[in-house]
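Taking it in order: structure first as structure tokens, then the write-up.
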Amino acid sequence: MSVKDSSIKEVPARESGGKETYSISDLAREFDVTTRSMRFYEDQGLLKPARKGQTRIFSSQDRVRLKLILRGKRMGFSLAEIKELFDLWDKTPRGNEKQLHLMLETLDRKRAQLEQQKRDIAMVEMEIDTAESRCRDALKELENRKKARAEQPPSSNALPEG
């Protein structure tokens, strides 16, 4: 997962006790998210910034987590699924077999959901094609009737004089 996202704007980190730190607005700007979203991720337990009074101080680990949250969302993961993976990772700093199996199961579910969505889209496209064809046929029929009426000689409904 080390692919560089071209939409990310690198923000210089601040040094704090030998560690890189970021403000909420630094990361919001870098990843093009709102500060409200970042606070929501914090409320969900996905981000865990340190506090200095009311100020949130994000670490480079928080920065990586935010990047993974956004990547996970793009891949269709729910925040609960992302949190579950983070929680497993937090319990075993280098990852483990359980975490890898969970990730594979989650990816399988996502793939199955995408396959179902593709089938659903194909069905809807077929229904649209059928409806379009019927509309075109009905329109052609109306045009043919209109032409036929225009080519008929005017009918004489008047009674003969006599």
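Each residue takes its place number in the sequence, starting with 1.
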Working note: Arg29 + Asp26, criterion salt bridge (Lys or Arg N to Asp or Glu O under 4.0 Å); need CA distance, chi angles, decisive distance, verdict. CA-CA 5 Å; Arg29 186 172 37 256; Asp26 288 339; 3.1 Å; yes
Salt-bridged, Arg145 to Glu141, with N to O below 4.0 Å? yes
Salt-bridged, Lys146 to Glu143, with N to O below 4.0 Å? no
Partner set under side chain to side chain donor-acceptor pair (under 3.5 Å) for [X], not counting sequence neighbours:
X      : answer
Asp120 : Gln116
Thr34  : Ser37
Ser60  : none

Give every residue pair that meets the side chain to side chain donor-acceptor pair (under 3.5 Å) criterion with at least one member in residues 76-86, sequence neighbours excluded. Ser78-Glu81, Glu81-Arg109, Glu81-Lys110, Lys83-Asp87
Residue pairs, two or more places apart or on separate chains, that pass side chain to side chain donor-acceptor pair (under 3.5 Å) and touch residues 122-135: Glu132-Arg136
Ignoring hydrogens, what is the shortest heavy-atom contact between Lys48 and Asp62? Give both atom names and the distance. N-OD1, 3.2 Å
Taking the side chain as everything from C-beta on, heavy atoms only, tell me whether [X] gets closer than 4.5 Å to [Y].
X     : Y      : result
Leu47 : Ile69  : yes
Ile57 : Tyr22  : no
Leu70 : Tyr41  : yes
Phe58 : Thr21  : no
Phe77 : Leu107 : yes

Reported [atom1]-to-[atom2] distance for the pair [X] and [Y], which is rounded to 0.5 angstrom:
X      : Y      : atom1 : atom2 : result
Arg119 : Leu114 : CZ    : CG    : 10.5 Å
Cys135 : Lys140 : SG    : NZ    : 13.0 Å
Gln113 : Arg111 : CD    : CZ    : 12.0 Å
Leu85  : Thr106 : CG    : OG1   : 5.5 Å
Leu68  : Lys73  : CG    : NZ    : 13.5 Å

When clusters are formed by joining ILVMFWY residues with side-chain heavy atoms under 4.5 Å apart, either directly or through shared neighbours, do Leu79 and Val64 land in the same one? yes
Which residue pairs pass the salt bridge (Lys or Arg N to Asp or Glu O under 4.0 Å) test when at least one of the two sits in residues 34-47, sequence neighbours left out? Glu42-Arg51, Glu42-Arg56
Stepwise side chain to side chain contact (heavy atoms under 4.5 Å, CB included) check, Arg63 with Phe31: CA-CA 9 Å; Arg63 183 181 175 278; Phe31 291 96; 3.9 Å; yes
So does Leu46 get a backbone contact from the side chain of Arg65, meaning a donor-acceptor N/O pair under 3.5 Å? yes
